[in-house]
Amino acid sequence: MTSQNASAQFDKQEIWQKDRDHFMHPWTDFSTFKETGSMVFHQADGVSLQDADGKRYLDGIGGLWCVNIGYGRDEIAEAVAEQIRDIPYFSTFGHHTTAPAARLAAKLAELAPGDLNHVFYGCGGSVANDTAVRMIHFYFNQLGQPSKKQIISRIDGYHGSTYMAMSITGVEVDHIGFDIDRQLVHHISSPNPYRRPQDQSLEAFCDEKVQELEDKILELGPDNVAAFFAEPIMGAGGVIVPPEGYHRKTLEVCRKYDVLYVSDEVVTAFGRLGHMFASEDEFGIVPDIITCAKGLTSGYLPLGATIFSDRIYEVISKPQADGAIFTHGFTYSGHPVSCAAGLKNIEIMEREGLCAHVEDVGDYFERRLHELEDLEIVGDVRGRKFMMCLENVADKTTKDLIAPEAKVGNRIADECQQRGLIVRPLAHMNILSPTLILSREHVDFVVATLRESIEAATASLKADGYLPR
């Protein structure tokens, strides 16, 4: 071993140790973390990551649904450095602004559907959804309807991990051991077509779920319900694509009872489905509010946004009393460096035609992944474009799940990692949300690696007694 390699090895061990001893990671399984610690990544470029030992991996999860333009973009680094030199920060409270904050707000208004012409900045998706709740409550207060406070969301919907955003989240396993607000937030069923009764048509299933929303509004009282939160495609709950017409029909229900419709596009915006925003272009609706983050800067810097309609702005921008101000915001709202990264990110996406690329290669990705449905444990392959999920089952006919302690999603992810591919395990599922610059050749590698890995995981499940031999 050369001295240079020895130094690199020492550095890796140092980072591993400090990380294990001091960095408390989000969404961590402490039954294994204290023993295994973290995998240390060292470099990244294009679609790939490199660990501290020099091994390369194709990033099949895009960081976390977010590195849309890929890694190592010098243009982003240069835009950020230039902004830091110009003005790295100043508060946007009151009547102050910077050029990147103003320009990005105008750009988002241009890209967003309908009359969603106003932008409130935060540091991520959770904060964008929390902002939406406070804004909605303030809106109805201003209209003299203070009883309209209740929020409706969906089982398996994910909206963030701040207190309110996690309360709106309907992924029950995320609530274990934590408190959430069960008085303000109410959940209706997931519109998951794969789990509908076998003898029920998609149309009947859709109508049933839409009716459930209306029934919930009537149960709570229309004068008490403020908003419905919905991801166009449910992400962390298992990449659930609702049946055709679901979003349009639920929006009609919301309009009927003056319930605001919040489209959580933290994952789906900025190209993941082949559009800058998916609400209108993919699902044919213009919501009252869109929340976004992640792909807004491709994860290069933290930034989120709550984009809302002229109708809402006209109400909340009027003083509630003499001398009163709109008392909501954050130190880093409209941070000029993050906004500069967002502007450059969108510029790159438009210049390189990444949405059209996703439309093309995303269709190929879907087709190739569906080929894996011939494998013994793959019960469902679902999603759109570069937002996909494989659901693994013990029996394809009954759709019964493999025992949770088998950790089938983790087994497959571990097998993929050994073969140079990062995929996300989620209980019995595996999720793929790669960078948007993936080529057909990259897709072929992903699918071939998944096939080998699922076959290897199936063999280990049989050897361990979780599946019949």
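Computed from a predicted structure; not experimentally measured. For this chain, numbers begin at 1 and follow the sequence in order.
- Ring centroids of F270 and F277 are separated by less than 6.0 Å, placing the two rings close together.
- Using modelled atom types, one finds a donor on one side chain and an acceptor on the other under 3.5 Å when comparing Y71 with D59.
- A side-chain donor from one of T291 and N129 sits under 3.5 Å from a side-chain acceptor of the other.
- No more than 12 heavy atoms of other residues, nucleotides or ligands lie within 6.0 Å of OH in Y332, so this atom counts as exposed by the packing criterion.
- Interatomic distance, CD of Q50 versus OH of Y57, reported as 9.5 Å (0.5 Å rounding).
- Side-chain atoms of D264 and H159 form a donor-acceptor pair, as typed in the model, at a separation below 3.5 Å.
- Between the side chains of D414 and Q418, no donor N or O sits under 3.5 Å from an acceptor N or O.
- Counted within 6.0 Å of CD on Q198, heavy atoms from surrounding residues, nucleotides or ligands total 12 or fewer; the atom is thus considered open.
- No side-chain donor-acceptor contact under 3.5 Å links T162 and S126.
- We find the CZ-NZ distance between R195 and K399 to be 6.5 Å, quoted to the nearest 0.5 Å.
- Defined by atom type and a distance below 3.5 Å, a donor-acceptor pair is missing between the side-chain atoms of H42 and D53.
- Aromatic ring centres of Y121 and H335: separated by at least 6.0 Å.
- Under the 3.5 Å distance criterion, with hydrogens and angles disregarded, no donor-acceptor pair is assigned to the side chains of N192 and S190.
- Checked by atom type, the side-chain pair D215/Q211 shows a donor-acceptor distance below 3.5 Å.
- Put simply, the side chain of V185 reaches to within 4.5 Å of the side chain of M164, judged on heavy atoms.
- More than 12 heavy atoms of other residues, nucleotides or ligands lie within 6.0 Å of CZ in F30, so this atom counts as buried by the packing criterion.
- Taking each heavy atom of A128 and A305 in turn, the nearest pair found is CB-O, 3.7 Å.
- For Q183, the CD atom sits in a loose shell: 12 or fewer heavy atoms of surrounding residues, nucleotides or ligands are nearer than 6.0 Å.
- R424 pairs with exactly one of I431, L432, N430 by the side chain to side chain contact (heavy atoms under 4.5 Å, CB included) rule, that one being I431.
- H357 and E352 share no side-chain donor-acceptor pair at under 3.5 Å.
- In this structure, a donor-acceptor pair under 3.5 Å is present between the side chains of E212 and S189.
- A donor-acceptor contact shorter than 3.5 Å is absent between the side chain of T435 and the backbone of V67.
- Atom CD of E244 is surrounded by 12 or fewer heavy atoms from other residues, nucleotides or ligands within 6.0 Å.
- For A278, the side chain to side chain contact (heavy atoms under 4.5 Å, CB included) test picks out E265, T268, L273, E282, F283, with sequence neighbours left out.
- Judged by distance alone, the side chain of T28 and the main-chain N or O of P26 form a donor-acceptor pair under 3.5 Å.
- K209 NZ: more than 12 foreign heavy atoms inside a 6.0 Å radius.
- Figure legend: cation-pi geometry between R440 and Y364, with NZ or CZ positioned under 6.0 Å from the six-membered ring centre and within 45° of its axis.
- A donor atom on one side chain and an acceptor atom on the other are found under 3.5 Å apart for N345 and S298.
- Ring centers of F308 and F120: at least 6.0 Å apart, outside the cut-off.
- Within the 4.5 Å cutoff, the side chain of L450 has heavy atoms near those of the L421 side chain.
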